[in-house]
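To start, the structure itself, in structure tokens.
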Amino acid sequence: CGPSDVTFSITSLMKQAAAGRWSKATFGLRAADESNDLAWKQFSKQATITTTYDHRPDMPTALTTSPATSCTATTPTSLGLGDVTLRAGVSDPDGTTSPLTANFTLKNMASGTTYTQAIASTSGTTASALFSRTTSSGPFTTLTAKTEFAWYLTVTDQDLTSDQSK
């Protein structure tokens, strides 16, 4: 047999190294049976390891609404039947290497119904979602009385998801 590439996965070891914040790792390559002439292998001095890493996006910060509301108010803020824009800062420790999606969820506290908008975002920016009273399938279409809503969001980088906003 002529020379050929040999590949194998070290994913589980690299996950351990990342989780344990190892400063280095040592790998050894050997034949399955070093005493068997037919099993003996010679390895290139130009071996390479390719690692792709990813961190979870950060929990969203600086949550605001327009019209303005207070998240810590004892009595919920009354807004009327207008549009509501939700905003939050989104970031990823990996920077802008992958696109982010901010998943804004508005929850009707009386019915438990949720309405989610997925908004394309970039790390280090403020993402926003408009919930319009004129949308035919939106959260405000069937309201006949004062209704309390809550909202939250998560951020995903297509592989990993942040903690839910508080």
Minimal heavy-atom distance between Asp94 and Asp92, with the atoms involved, is N-OD1, 2.8 Å
Rounded to the nearest 0.5 Å, the CE atom of Met59 sits from the OG1 atom of Thr61 at a distance of 9.5 Å
For Thr125 versus Thr122, what's the shortest heavy-atom pair and its separation? OG1-O, 2.6 Å
Distance, nearest 0.5 Å, that separates CD1 of Ile49 from CG of Leu13: 9.0 Å
Shared hydrophobic cluster, Phe149 / Ile119 (ILVMFWY, side-chain heavy atoms < 4.5 Å): yes
Indicate the atoms forming the closest heavy-atom contact of Tyr152 with Ser165, along with that distance. CA-OG, 3.3 Å
For residues Thr116 and Thr105, is any side-chain donor paired with an opposing acceptor at under 3.5 Å? yes
Search all heavy atoms of Arg133 against all heavy atoms of Gly82 and return the closest pair with its distance. CD-CA, 3.8 Å
Closest heavy-atom contact between Thr101 and Ala118? CG2-CB, 3.7 Å
Do Arg87 and Thr85 have side chains that approach each other closer than 4.5 Å (heavy atoms only, starting at C-beta)? yes
Smallest separation among heavy atoms of Ser123 and Ser91, with atom names: OG-CA, 3.4 Å
Spatial distance of atom CE (Met14) from atom CH2 (Trp22) [nearest 0.5 Å]: 9.0 Å
Measuring from Ile10:CD1 to Lys15:NZ, what's the distance to the nearest 0.5 Å? 12.5 Å
Value rounded to 0.5 Å, distance of CG in Leu86 from CH2 in Trp151: 5.0 Å
Look only at the side chain of Ser66 and the backbone of Ala68, and say whether a donor-acceptor pair between them is shorter than 3.5 Å. no
Rounding to 0.5 Å, atoms CG (Asp159) and CG (Asp54) come to a distance of 5.5 Å
Any donor-acceptor pair under 3.5 Å from Glu148 side chain to Asn108 backbone: no
Side chain of Asn103, backbone of Leu153: donor and acceptor closer than 3.5 Å? no
Show the numbers, then the answer: is there a salt bridge (Lys or Arg N to Asp or Glu O under 4.0 Å) between Arg56 and Asp163? CA-CA 9 Å; Arg56 285 173 38 159; Asp163 289 334; 2.2 Å; yes
I'd like to know if the side chain of Ser162 and the backbone of Val155 have a donor-acceptor N/O pair within less than 3.5 Å. yes
